[in-house]
Participant: 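Have a look at the structure that comes next, please.
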Amino acid sequence: MRIGTGYDVHRLTEGRKLILGGVEIPWEKGLLGHSDADVILHAIMDALLGAAALGDIGQHFPDTDPAWEGASSLDLLKRVGAILEENNYIVENIDSTIIAQRPKLASYLPAMRENVARALNLELSQVSIKATTEEGLGFTGSGEGIAAQAVCLLLPLMDLVADDIVNGTPSGCAGCSGCPRS
């Protein structure tokens, strides 16, 4: 198994939509960035790519490339999922946190989880997205920006194949897209 972490931060600014977890959130400000600046998806993508030792989102989707200007981070996440699949990795789970003083995000979290699960062909139970404040402290607490962090666990397909050879297919395994157990 391989563990990855990701972190991202973007400045809040007027004249932009606030997109978090692929959900447009009605708010007076949005996040500044080359793409849609979806900090939670950026942190998740960096965690996934890092766990597989495949670089980071800046390497795969550079902000100097006009092709990614205004890009949907959900589309980028799907591309990261394809990169993982091409490199024979299966996502076991993702745990992530959005750090923002405002707006309140609790009611949007279920849709964000669904978006991530759908983009990566995961079960909803494999994706956790939480939100917290910093009690008015720091740049997120003062409303200057929003940050996010994520951790994930990847399973290399070769580890699963080796486990199957030694122990047989684990009970309860439903198999995954591209998995030799399917």
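Quick caveat: nothing in here was measured; it's all calculated off a predicted structure.
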Participant: Between H42 and D8, is there a side-chain donor-acceptor contact under 3.5 Å, judged purely by atom types and distance?
Facilitator: yes

Participant: Tell me whether the count of non-hydrogen atoms from other residues, nucleotides or ligands lying under 6.0 Å of CD in E123 goes above 12.
Facilitator: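 Open: at most 12 neighbouring heavy atoms sit under 6.0 Å from CD of E123.
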
Participant: Using a 3.5 Å cut-off and no angle test, enumerate the donor-acceptor pairs between side-chain atoms of residues 131-139 and protein atoms at least two apart in sequence or in another chain.
Facilitator:
unit_1	atom_1	unit_2	atom_2	d
T133	OG1	E135	N	3.3
T133	OG1	E135	OE2	3.4
E134	OE1	T140	OG1	2.3

Participant: Given the rule that I, L, V, M, F, W and Y join up when any side-chain heavy atoms are under 4.5 Å apart, are L76 and V127 in one cluster?
Facilitator: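 The answer is yes; both residues are in one hydrophobic cluster.
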
Participant: What are the two closest non-hydrogen atoms of P110 and S107, and how far apart are they?
Facilitator: CD-O, 3.8 Å

Participant: Just verifying a value: how many Å separate N93 CG and S128 OG, rounded to the nearest 0.5 Å?
Facilitator: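 Between atom CG of N93 and atom OG of S128 there are 8.5 Å.
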
Participant: Between OG of S96 and OH of Y7, what distance do you get to the nearest 0.5 Å?
Facilitator: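 Result: 14.0 Å between the selected atoms.
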
Participant: Return the minimal non-hydrogen interatomic distance between I98 and M112, and the atom names on each side.
Facilitator: CD1-SD, 3.6 Å

Participant: Considering only residues two or more places apart or on different chains, which pairs with a residue in residues 38-56 satisfy salt bridge (Lys or Arg N to Asp or Glu O under 4.0 Å)?
Facilitator: none

Participant: Taking all atoms of both residues into account, what is the closest heavy-atom pair of R16 and A37, and its distance?
Facilitator: NH2-CB, 4.0 Å

Participant: Could you give all pairs that pass the side chain to side chain donor-acceptor pair (under 3.5 Å) test and reach residues 145-154, with sequence neighbours left out?
Facilitator: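 Not a single pair qualifies under side chain to side chain donor-acceptor pair (under 3.5 Å).
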
Participant: Suppose we screen for side chain to side chain contact (heavy atoms under 4.5 Å, CB included). Which residues come up paired with P62, at least two apart in sequence or across chains?
Facilitator: T64, D65, W68

Participant: Do you know the tightest heavy-atom contact between I146 and A100?
Facilitator: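 Residues I146 and A100, closest heavy atoms: CG1-CB, 3.8 Å.
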
Participant: Same cluster for I83 and L74 if Ile/Leu/Val/Met/Phe/Trp/Tyr side chains link at under 4.5 Å?
Facilitator: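 Linked within one cluster.
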
Participant: Can you run down the salt bridge (Lys or Arg N to Asp or Glu O under 4.0 Å) pairs that involve residues 86-98, sequence neighbours left out, and say none if there aren't any?
Facilitator: D95-K130

Participant: The criterion is side chain to side chain donor-acceptor pair (under 3.5 Å); which residues satisfy it with S142, sequence neighbours excluded?
Facilitator: E144

Participant: Please answer: with hydrophobic residues joined when any side-chain heavy atoms are less than 4.5 Å apart, are L105 and L41 in the same cluster?
Facilitator: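 As far as the 4.5 Å side-chain criterion goes, L41 and L105 are connected within one cluster.
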
Participant: I would like to know whether I3 and V151 meet side-chain contact (heavy atoms from CB on, under 4.5 Å); could you show each step before the answer?
Facilitator: CA-CA 7 Å; I3 298 169; V151 63; 3.8 Å; yes

Participant: Find out if a path of hydrophobic residues (ILVMFWY) with successive side-chain heavy-atom gaps under 4.5 Å connects F61 to L54.
Facilitator: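 Yes, one cluster joins them.
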
Participant: Ignoring hydrogens and geometry, is there a side-chain-to-backbone donor-acceptor pair from R2 to A51 under 3.5 Å?
Facilitator: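 Judged by distance alone, yes, a pair lies under 3.5 Å.
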
Participant: Nearest 0.5 angstrom please: R113 CZ to L122 CG, how far?
Facilitator: 11.0 Å

Participant: I99: which other cluster members, linking ILVMFWY side chains closer than 4.5 Å, directly or transitively?
Facilitator: none

Participant: In a table with atom names and distances, give each donor-acceptor pair under 3.5 Å that connects a side chain of residues 19-31 to protein atoms at least two apart or in another chain.
Facilitator:
none

Participant: Among residues at least two apart in sequence or on other chains, which ones pass side chain to side chain donor-acceptor pair (under 3.5 Å) with R118?
Facilitator: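 R118 satisfies side chain to side chain donor-acceptor pair (under 3.5 Å) with N115 once adjacent residues are dropped.
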
Participant: Checking D36 side chain against S73 main chain: does a donor-acceptor pair fall under 3.5 Å?
Facilitator: yes

Participant: Rounded to the nearest 0.5 Å, what's the gap from CG on L157 to CD on E85? Could you check?
Facilitator: 8.5 Å

Participant: More than 12 heavy atoms of other residues, nucleotides or ligands under 6.0 Å from CZ of R11: yes or no?
Facilitator: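 Result for CZ/R11: open.
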
Participant: Is L48 reachable from L153 through a run of I, L, V, M, F, W or Y residues, each pair having side-chain heavy atoms under 4.5 Å apart?
Facilitator: no

Participant: Do V9 and V39 come within less than 4.5 Å of each other through their side chains, counting heavy atoms only?
Facilitator: no

Participant: Apply the test side-chain contact (heavy atoms from CB on, under 4.5 Å) to residues L77 and V116: give CA-CA distance (whole Å), side-chain angles for both, the deciding distance (0.1 Å), then the verdict.
Facilitator: CA-CA 8 Å; L77 181 61; V116 171; 4.2 Å; yes

Participant: Remaining members of L124's ILVMFWY cluster at a side-chain heavy-atom cut-off under 4.5 Å?
Facilitator: none

Participant: To the nearest 0.5 angstrom, please state how far the CG atom of N121 sits from the NZ atom of K78.
Facilitator: 9.5 Å

Participant: In chain order, what residues pass the side chain to side chain donor-acceptor pair (under 3.5 Å) check against N87, with sequence neighbours excluded?
Facilitator: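 Counting only residues at least two positions away or on another chain, N87 forms no side chain to side chain donor-acceptor pair (under 3.5 Å).
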
Participant: So, using side chain to side chain donor-acceptor pair (under 3.5 Å) as the criterion, who are the partners of T13 when residues are at least two apart?
Facilitator: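 Partners of T13 under the side chain to side chain donor-acceptor pair (under 3.5 Å) test: none.
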
Participant: Using every non-hydrogen atom in the two residues, find where A47 and C152 come nearest and quote the distance to one decimal.
Facilitator: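 Between these two residues, the closest heavy atoms are O-SG, 3.3 Å.
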
Participant: Which heavy atom of A71 sits nearest a heavy atom of S35, and at what distance?
Facilitator: O-CB, 3.4 Å

